[in-house]
2 protein chains.
Amino acid sequence: MPYTYHYPRPALTVDCVVFGLEGEDLKVLLIQRDHEPFAGCWALPGGFVDEGEAPERAARRELGEETGLSDIFLEQLYAFGEPGRDPRGWTVSVAYYALVNRADHPAQAGDDARKLDWFPVRKPPPLAFDHDKILEAACRRLRGKVSYQPIGFELLPRKFTLSELQRLYETVLGKRLDKRNFRRRVLQTGVLEETAQTERDVAHRAARLYRFNKSKYQRLARRGFHFEI
Amino acid sequence: MPYTYHYPRPALTVDCVVFGLEGEDLKVLLIQRDHEPFAGCWALPGGFVDEGEAPERAARRELGEETGLSDIFLEQLYAFGEPGRDPRGWTVSVAYYALVNRADHPAQAGDDARKLDWFPVRKPPPLAFDHDKILEAACRRLRGKVSYQPIGFELLPRKFTLSELQRLYETVLGKRLDKRNFRRRVLQTGVLEETAQTERDVAHRAARLYRFNKSKYQRLARRGFHFEI
DNA sequence: TCAAAAGTGTTAACCATACACCCATGC
DNA sequence: GCATGGGTGTATGGTTAACACTTTTGA
């Protein structure tokens with residue numbers, strides 16, 4: 001079933017940079033390719049966009065098929081279309097980045113059973129295509145965005161301690177933060193809600209659990225409130 | 001000369017949101033379409049990407065062909081690919097936004113003599129395709145970016161007065177700024193260079209002209225300096 | 001001499017930073 | 001009882017915001 005056009009057209013793909021936390025480490029989810037080109041090589045999850053399908057929808061579909069992830073934070077990163085980026089020919093990829101809390105959203109290989117694993121963003125394995133460039137762009141975006149928009153919460157479980165939140169910021173920003181100042185700041189923003197619960201089974205005083213109040217943030221944001229850590 | 005593929009592919013276009021200043025007003029450059037669809041309608045300059053051509057390069061080429069503009073600040077904005085955005089069928093557009101100082105870079109219609117004009121960004125005429133959506137996204141991006149990256153200078157002539165710079169920020173941010181505080185702040189950043197010249201032929205005290213020192217900014221930026229107005 | 005915008009400093013309020021000790025819990 | 005991280009307040013220095021008048025120039 002051939003498709004014929006008057007002018008040449010590119011193939012359109014999506015690629016997803018999925019970030020997750022593992023302890024102190026920021027990790028990225030990769031799958032191992034089982035077809036040429038780059039068979040056996042690690043790559044970002046993604047694939048071809050179908051006709052009549054919005055790119056973001058394609059990204060979510062491919063993520064679901066390849067990693068089982070759904071209903072996660074996902075945002076467009078950049079469109080990559082340099083000639084030569086795909087040895088199969090003219091291919092444009094719209095890249096997305098996603099944030100996922102691994103406790104509530106475990107990733108698992110799709111039906112085609114390709115291998116799937118998490119890798120530290122700072123030392124990933126060799127990647128297929130220009131995926132190293134895409135990963136780097138995603139890291140830059142995440143670092144830039146995390147301090148002025150409250151997207152970091154997407155990496156944590158729904159309920160989390162302030163220390164977990166602080167570790168997250170330290171991980172993403174790559175610097176240590178002062179505990180008391182950090183707590184004061186995030187609580188002042190008013191977007192955190194104290195819960196009645198505390199940690200369980202920890203070998204030290206159990207920390208209080210908090211929850212991010214998204215609708216409150218959105219109300220504040222609409223009035224020009226500017227989140228900043 | 002038909003082009004045939006095993007799977008359907010989208011047409012790939014680029015669209016450019018070109019911002020320029022006119023007095024106090026922020027304006028956008030539009031061209032009038034002379035073919036269907038949307039013949040006679042105003043639209044963003046842009047067109048089809050050629051095979052083997054990087055999208056940004058295509059954006060610059062189309063801008064040159066349609067408006068005569070070259071060597072201007074241009075950055076990718078977003079890829080638009082919603083089904084139905086182009087009545088001709090599946091078309092994905094990579095949108096760019098550009099900043100231009102109209103004194104040094106006059107825009108003029110291309111050889112095919114399509115009409116071309118500047119319109120206030122806040123009340124543009126009805127636009128072809130989803131160009132109203134693209135324009136709105138570009139305005140949001142500009143507003144967000146102008147206060148933490150020194151891209152505003154691209155809208156001004158090479159030499160400008162501090163009042164012109166202030167008016168620019170007031171226009172883009174949509175709020176009044178304090179003159180003394182504004183001057184102190186921009187001069188403190190150290191990226192402005194005083195010239196020996198002053199304004200000419202003004203019916204009031206002539207203001208000193210300044211120049212943006214790009215290389216100095218880049219040196220500062222590399223050391224983690226953070227521009228902020 | 002009038003109109004119009006250029007240019008200039010100080011004070012007060014606020015905010016960010018630095019910093020150290022006691023508390024609760026599990027082993 | 002000890003090791004581990006949880007939780008808390010203050011003082012200081014720096015930054016930002018508010019504010020009004022004199023100067024220069026052309027008409």
Does anything in residues 149-171 of chain B come within less than 4.0 Å of DNA chain C? Heavy atoms only, and list the residues if so.
Ser163(B)

Can you tell me how far C1' of dA5(C) sits from CD of Glu199(B), to the nearest Å?
9 Å

Please enumerate all residues that pass ring-ring contact (aromatic ring centres under 6.0 Å, His included) together with Phe119(A), with sequence neighbours excluded.
Trp42(A)

N/O to N/O distances under 3.5 Å, protein versus nucleotides 13-17 of chain D:
unit_1: dA17(D); atom_1: OP2; unit_2: Arg185(B); atom_2: NH1; d: 3.1

Side chain to side chain donor-acceptor pair (under 3.5 Å) contacts touching residues 116-129 of chain A (sequence neighbours left out)
none

Figure out the CG/P separation between Leu177(A) and dG6(D), and round it to whole Å.
14 Å

Could you check how far NZ of Lys179(B) sits from P of dT23(D), rounded to whole Å?
14 Å

Taking salt bridge (Lys or Arg N to Asp or Glu O under 4.0 Å) as the test, write out the residues that go with Asp104(B), two or more places apart.
Arg158(B)

Between Arg208(A) (CZ) and dT25(C) (P), how many Å, whole number?
11 Å

Run the ring-ring contact (aromatic ring centres under 6.0 Å, His included) test against Tyr217(B) and tell me which residues pass, sequence neighbours left out.
none

Taking side-chain hydrogen bond (donor to acceptor under 3.5 Å, both in side chains) as the definition, give me every residue that meets it alongside Lys145(A), ordered by chain and number, with sequence neighbours left out.
Glu75(A)

Listed once per pair and sorted, the ring pair (Phe, Tyr, Trp, His ring centres under 6.0 Å) pairs that draw on residues 153-183 of chain A, sequence neighbours left out:
Phe153(A)-Phe160(A), Phe153(A)-Phe212(A), Tyr169(A)-Phe182(A)

Short heteroatom pairs, N/O only, protein and nucleotides 25-27 of chain D, under 3.5 Å:
none

Residues at least two apart in sequence or cross-chain that pass side-chain hydrogen bond (donor to acceptor under 3.5 Å, both in side chains) with Arg167(B), listed by chain then number, are none

For Thr67(A), check side-chain hydrogen bond (donor to acceptor under 3.5 Å, both in side chains) against everything at least two apart and list the hits.
none

Tightest non-hydrogen contact, residues Ile151(B) and Leu99(B), listed as O-CD1, 3.4 Å

By side-chain hydrogen bond (donor to acceptor under 3.5 Å, both in side chains), which residues pair with Thr13(B), not counting sequence neighbours?
Ser93(B)

Once you round it to whole Å, what is the distance between P of dT25(C) and CZ of Arg200(A)?
11 Å

Is the distance from the ring center of Tyr148(B) to that of Phe227(B) below 6.0 Å?
no

What is the distance, to the nearest angstrom, from the CZ atom on Phe182(A) to the C1' atom on dG6(D)?
14 Å

Base, sugar-phosphate or nothing for Arg183(A)? Non-hydrogen atoms, less than 4.0 Å.
base

Rounded to the Å, how far apart are Asp178(A) CG and dA20(C) P?
11 Å

